[in-house]
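Contents: one structure, followed by commentary.
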Amino acid sequence: MGWNTWCTDDICGIIDKCTETEIMSVADAIVSQGLDKLGYKYIVMDDCWSSKTRDANGQLQPNNTQFPSGFPHLTNYVHSKGLLIGLYTCIGTETCHGGRPGSFGNYVLDAKTIAGWEFDFVKTDNCNKPSQYTEQELYANFSNALNATGRPILFSLCEWGKEDVESWGGEVAQMFRVQEDHLPLWSWPYTDGAGAGFGQGTSDIIEYVATLNPGQYNQRWAHLDPDFLETLFPITMPFIESRTEYSFWSLWSAPLIVATDIRNMSAEMASIITNPEVIAIDQDPLFQAGNRIDLQPGGGQVWSKNLFAGNKAVILYNNHSAPTTVSVAWPQLGWNSTTQVVVRDLWQRQTLGTFQSGYNATLAAHDVFFFTATAASD
Ligand code: GLA
C-alpha cells in the first residue's frame with residue numbers, strides 16, 4: 001500500500017515531472033493523517049525523476065532541478081518518517097516519457113545504484129524493449145540483479161499484461177501489472193495489447209480482470225496489479241466510481257497504491273482510502289483475488305472471495321448507468337439456501353443482520369454493495 005507520483009502534480013504524465021518537494025510533502029501528509037498506521041508505507045516515484053543523461057560513470061542520476069538535495073537525502077527523509085520509497089525504471093533503452101535513460105544493458109549497475117541510494121521498491125516499465133528478447137527474460141534478469149544487491153526491494157513489474165504475464169509474473173516480481181495504464185475515467189475504449197477490446201477505465205479493467213479468473217493467480221508477495229488507484233481524480237473520478245474502484249482492488253488483494261493527491265484529504269477521500277475493514281479485505285492473509293461468480297440480466301454482477309477466517313467477501317455491483325437490484329443466493333457462495341448468514345456492510349461498517357437464502361441490494365449506477373458474509377448456522 002502506498003502512493004505513486006503519476007497522477008498528482010504530474011497529472012498522469014501531462015506535466016511530466018515529480019520533485020523532492022512533492023515527495024517530502026506527501027511523506028509528511030501520510031504520517032500526519034495516520035495513513036501509515038493503516039498500511040500506506042510506500043512512496044513511489046514514477047517516470048520523469050531522472051536526468052536525460054547518465055553521469056560520467058554511466059550511472060543513473062536524478063534531475064538536479066527537481067531533486068536539488070539528491071537521493072540519499074530524499075530516501076533518508078522518507079525513512080526517517082518510518083516509510084519506504086520506490087523508484088521507476090524501464091526494461092528498455094529509454095523510459096516511456098521524454099527520452100530518459102532506460103536500464104537495458106545496465107541492469108546490474110542500475111540495481112546497485114538504486115540499492116546504494118537505499119530504495120525499497122522498483123517499478124520497471126516496458127517501453128523501448130529490444131525486440132529480440134522476451135519480456136520474461138529481461139524482467140527475470142533485472143529481478144536477479146536486484147536480488148544480487150542483497151537489499152530487500154519490492155519489484156513491481158509493469159509490462160502491461162503482455163506475454164501471458166499472469167503465468168510467470170509472480171516468479172519474477174512481487175506485483176505484476178495485468179493491463180495497460182488505468183486512466184482516471186469510468187470507461188475509455190482504447191487499449192493496445194492486454195485488455196484490447198476492453199479499455200482503460202475502471203469499468204473496463206473490472207471487465208478485463210473478470211476474464212482472467214483472477215482467483216487462480218495471487219499468492220503472498222505475488223500480486224496481480226490492475227494499476228494504481230485513481231481515487232477522486234478531479235472531475236473525472238466521482239465518489240461512487242472511486243469507491244467502486246477501491247472495492248474491487250480490495251477484493252482482488254491488489255496493491256493499493258493511490259496515485260491522486262492524498263495531502264489535505266477531503267472527507268470523501270478519507271472515507272474511501274481509510275476504511276480499516278475494506279483495507280483488511282485487501283490484506284486478508286489468504287491473499288486471494290475474488291472472481292466474478294454471476295452476471296445478471298439487469299446489469300448486476302456478483303463477485304466473491306474466500307477469507308482466511310472461513311467467511312467470504314462479496315461485491316454486488318451495478319455496472320449499468322441506471323439503478324438496478326443485484327442479488328446473491330447463498331448456494332452461489334457454497335452454502336445451503338437455509339443457511340443463516342450474517343451480512344456486514346463494509347463501507348458503512350455495520351452488521352445488517354442474519355439472512356436466509358440470500359441478499360439483494362438496489363444500487364445506483366456504477367455502485368457496489370461490499371460486504372462480508374459469515375455463516376452463523378446451517
Ligand atoms: C507507462 C506505465 C505507466 C507510467 C508511464 C510513465 O505508460 O504503464 O504506469 O509509469 O509509463 O511514463
Side-chain angles (χ1 to χ4, degrees), residues 1-19 22-23 26 42-52 60 62-63 66 85-104 110 114 119 121-129 135 138-139 142 154-163 165-166 169 172-185 188-196 198-202 204-205 208-209 223-231 233 236-237 245 249 254-261:
M1 293 171 66
W3 174 84
N4 176 301
T5 54
W6 193 240
C7 292
T8 299
D9 291 353
D10 304 49
I11 324 185
C12 308
I14 291 171
I15 301 288
D16 184 28
K17 89 174 19 159
C18 50
T19 63
E22 180 188 18
I23 284 150
V26 170
Y42 288 95
I43 295 188
V44 182
M45 253 178 283
D46 213 288
D47 202 354
C48 308
W49 61 267
S50 84
S51 158
K52 297 213 171 165
L60 292 171
N63 174 299
Q66 294 162 238
I85 179 160
L87 196 67
Y88 167 100
T89 56
C90 186
I91 208 78
T93 51
E94 279 182 10
T95 74
C96 296
H97 260 255
R100 295 170 170 87
S103 290
F104 183 77
D110 290 356
I114 290 165
F119 280 92
F121 178 119
V122 169
K123 168 177 174 175
T124 302
D125 213 342
N126 193 22
C127 280
N128 306 303
K129 178 186 81 65
E135 287 161 8
L138 295 188
Y139 280 95
F142 201 34
L154 193 157
F155 189 32
S156 163
L157 192 163
C158 173
E159 57 81 92
W160 319 317
K162 295 159 72 187
E163 292 187 4
V165 71
E166 300 79 34
V172 172
Q174 287 70 56
M175 53 193 272
F176 47 96
R177 267 272 291 279
V178 292
Q179 221 219 4
E180 278 286 345
D181 297 12
H182 176 17
L183 300 177
L185 297 163
W188 180 257
Y190 177 75
T191 282
D192 174 28
F198 288 86
Q200 295 168 252
T202 305
D204 307 321
I205 291 177
Y208 179 61
V209 171
H223 294 255
L224 169 156
D225 175 18
D227 205 1
F228 28 59
L229 293 152
E230 298 286 5
T231 317
F233 187 89
T236 61
M237 284 287 292
E245 175 199 48
W249 268 233
L256 298 175
I257 311 271
V258 183
T260 49
D261 201 346

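First listed ligand is number 1; within each ligand, the first listed atom is number 1. Start at 1 with the first residue, then count along the sequence. Computed from a prediction, not measured in an experiment: that's the story for all the values here.
The residue Cys48 has no part lying near ligand 1, judged by heavy-atom distances below 4.0 Å. Counting heavy atoms under 4.0 Å from ligand 1, residue Arg177 touches it through the side chain alone.
Heavy atoms only, all atoms of each residue included: Thr5 and Asp46 are closest at OG1-N, 2.8 Å.
Under the 3.5 Å distance criterion, the side-chain polar atoms of Glu180 are left unmatched by any main-chain donor or acceptor of Trp160.
Of the protein's non-hydrogen atoms, Asp46 OD1, 3.4 Å is the one closest to atom 4 (C) of ligand 1. In this structure, atom 9 (O) of ligand 1 lies nearest to the protein heavy atom Lys123 NZ, 2.8 Å. The single protein non-hydrogen atom nearest to atom 2 (C) of ligand 1 is Asp125 OD2, 3.2 Å, given as residue, atom name and distance.
For ligand 1 and Cys96, the ligand atoms under 4.0 Å from any heavy atom of the residue are 1 (C), 11 (O), 12 (O). Using a 4.0 Å cut-off to heavy atoms of Trp160, the atoms of ligand 1 that qualify are 2 (C), 8 (O).
Trp6 and His97 have perpendicular rings, their planes meeting at more than 60° on a 0 to 90° scale where under 30° would count as parallel. Using a 30° and 60° split on the angle between ring planes, Phe121 and Tyr42 fall in the tilted class, from 30° to 60°.
By the SG-distance test at 2.5 Å, no disulfide connects Cys96 to Cys90. Per the SG-SG cut-off, Cys18 and Cys48 are not bridged by a disulfide [distance not under 2.5 Å].
Proximity of Tyr190 to Gln200: side-chain heavy atoms (C-beta onward) are separated by under 4.5 Å at one or more points.
Which of Asp10, Asp47, Thr5 comes nearest to atom 12 (O) of ligand 1 through a heavy atom is settled by distance: it is Asp47. Between the choices Asp181, Thr124, Thr95, the shortest heavy-atom distance to atom 7 (O) of ligand 1 belongs to Asp181.
Ligand 1 is never approached by Gly13 to a heavy-atom distance shorter than 4.0 Å. Not a single heavy atom of Glu180 sits less than 4.0 Å from an atom of ligand 1.
Counting heavy-atom neighbours within 6.0 Å of Trp188 CH2, excluding the residue itself, gives a total of 12 or less.
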